[in-house]
2 protein chains.
Amino acid sequence: MNNLNIYKEKLRESGLRPTRQRLKICEALFSPKETFHFTINDLSKIIEEKLDEKISLATVYNTVHAFKKNGYLKEIVIATDKSYFDTNTGTHSHFFDIKNKELIDINQVDLKDIPNPPTGKKIKNIDVIINVESE
Amino acid sequence: MNNLNIYKEKLRESGLRPTRQRLKICEALFSPKETFHFTINDLSKIIEEKLDEKISLATVYNTVHAFKKNGYLKEIVIATDKSYFDTNTGTHSHFFDIKNKELIDINQVDLKDIPNPPTGKKIKNIDVIINVESE
DNA sequence: CAAGTAGTTTAGAATAATTATAAAGTAATT
DNA sequence: AATTACTTTATAATTATTCTAAACTACTTG
Ligand SMILES: [Mn+2]
Ligand SMILES: [Mn+2]
Ligand SMILES: [Zn+2]
Ligand SMILES: [Zn+2]
């Protein structure tokens, strides 16, 4: 299955029609050999500069959120004023360089003990961010 | 040492003069027997409704940030569009109820192994958030 | 204490990320 | 080809936060 069909499949799975804009977004997100972390603005720039297409921000936001909801992207919560996303959807943890605002993948960090959640609540997921800075 | 002097001390330590507004903020933050989590807006409302004083948002932001910088408050990073702070400055971890946007303190969760940071970077702190939801 | 100055408060403006809107455009179905 | 449902877009709205500069106040000093 070639890339184009993989993109169409992911879109279909996410309940989205394969439009020209969405396929470009897929190309930006899923064609690189290595996974990567990005903000909406990063992604928008990549599409504009490398893929030579200008897509409205609303469409980028909508598509990224749809992919997140359907598990093709993850959101990484860090101490910053903008949202970061990750094309690496496998279970893993992160270093976060506070100064450069850069995320670095690491193998999943396991906890010694997982505490029991309050009655009536169940654990959805656990976020571990190791904040680092240049010395 | 009475509360008032404790507040003045914290302010002095933070390089801030003990103004009427800042002392009210201290009262809201440090007089409760139990520590608590709050947003700037929460804090502003507490001061307005319970302490009967209207303080401009700029002052609340400035004072909270000064206290954070000086270790009298911590900021908790969670998946939300606003900043959360904590009057519990001891080392501890959190459950975060995604639906209610509520933080719950738990004992510090230890990691099985702390990964080595990339060369030239050192660990500043580690954030662990256990996201939960009502079942 | 009076005056000087350095720091503070405030309302309102500015900024910035994100979301909402609604008109024009496109993909899918018949 | 026509119809329908979905999509894109420019633009406005929203919201948290930061900035600004004028009025105000705490502190120091004579
Ligand atoms: Mn935001
Ligand atoms: Mn923000
Ligand atoms: Zn990652
Ligand atoms: Zn806490």
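Each chain gets a letter, A, B and so on, in the order the sequences are listed, and its residues count up from 1.
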Might you point out which heavy atoms bring [X] and [Y] nearest each other, and give the distance in Å?
X	Y	result
P115(B)	I123(B)	O-CD1, 3.9 Å
G71(A)	T89(A)	O-CG2, 3.4 Å
H94(B)	D86(B)	NE2-OD2, 3.0 Å

Identify whether the distance between the nearest side-chain nitrogen and carboxylate oxygen of [X] and [Y] falls below 4.0 Å.
X	Y	answer
E48(B)	K45(B)	no
E133(B)	K124(A)	yes
E13(A)	K10(A)	no

Nearest-Å distance for atom pair NZ/P, residues K82(B) and dT19(C): 13 Å
Spacing between K8(A) atom NZ and dA27(C) atom P, to the nearest angstrom: 11 Å
For K101(B), give me all partners under salt bridge (charged side-chain N to carboxylate O under 4.0 Å, His left out), at least two apart in sequence or on another chain. none
Sequence neighbours left out, what passes salt bridge (charged side-chain N to carboxylate O under 4.0 Å, His left out) with E75(B)? Give chain and number order. K68(B)
Looking at residues 70-78 of chain A, who's got a heavy atom less than 4.0 Å off DNA chain C? none
Close approaches to DNA chain C from residues 53-68 of chain B, in residue order (heavy atom, under 4.0 Å): K54(B), I55(B), S56(B), A58(B), T59(B)
Has T63(B) got a side-chain atom pairing as donor or acceptor with T59(B)'s backbone, closer than 3.5 angstrom? yes
Identify the 5'-most and 3'-most nucleotides of DNA chain D with at least one atom closer than 4.0 Å to a non-hydrogen atom of chain B. dA16(D) to dC27(D)
Which residues in residues 13-25 of chain B have at least one heavy atom lying under 4.0 Å from any atom of DNA chain D? R17(B), P18(B)
Can you label the angle between the Y61(A) ring and the H65(A) ring as parallel, tilted or perpendicular, going by 30° and 60°? tilted
Hey, what's the ring geometry for H92(A) with H37(A), parallel, tilted or perpendicular (30° and 60° as the breaks)? tilted
Using a 4.0 Å heavy-atom cut-off, does S83(B) contact any base of the nucleic acid, only the sugar-phosphate backbone, or nothing at all? sugar-phosphate
Given the rule that I, L, V, M, F, W and Y join up when any side-chain heavy atoms are under 4.5 Å apart, are I47(A) and L29(A) in one cluster? yes
Can you confirm whether or not the ring centre of F67(B) sits under 6.0 Å from the ring centre of F30(B)? yes
